[in-house]
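Just below is one structure, and these are the notes that go with it.
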Amino acid sequence: MAESYGLSFNAAATTLAEEFWPGPLTLVLPGGEGQLPAILRGPEGGIAVRYTSHPGMARLVAALGFPLTSRRPTTGESPEPGAAGVA
């Protein structure tokens, strides 16, 4: 589904996805310009993607036919994360 939104998998991302998806692995992928909202992008331009192993959520995404998105809630108690090396 990620590829249909213009996100790109390099060889390493493909290997990791094949090994650990579905499951608790988040990949930050480039691409998707003009197809995904800018608010979903991290400070370096990537989109964080996860393929759930939760059966109920997987059924919901399959029934909808499109991915679900979310952002980390900003509580004001901690600063926004920066680049991956800072977080």
Sequence neighbours left out, what passes side chain to side chain contact (heavy atoms under 4.5 Å, CB included) with [X]? Give chain and number order.
X: Leu36; result: Tyr5, Leu7, Ile47
X: Leu16; result: Phe20, Leu25, Leu27
X: Val61; result: Met1, Leu68

Shortest non-hydrogen contact from Arg41 toward Glu33: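 Taking Arg41 first and Glu33 second, the nearest heavy atoms are NH2-N, 3.3 Å.
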
Taking only residues at least two apart or on different chains, which pairs with a member in residues 49-60 satisfy side chain to side chain donor-acceptor pair (under 3.5 Å)? Thr26-Arg50

Any side chain to side chain donor-acceptor pair (under 3.5 Å) involving residues 9-18? Give me the pairs, sequence neighbours left out, ordered by first then second residue. none

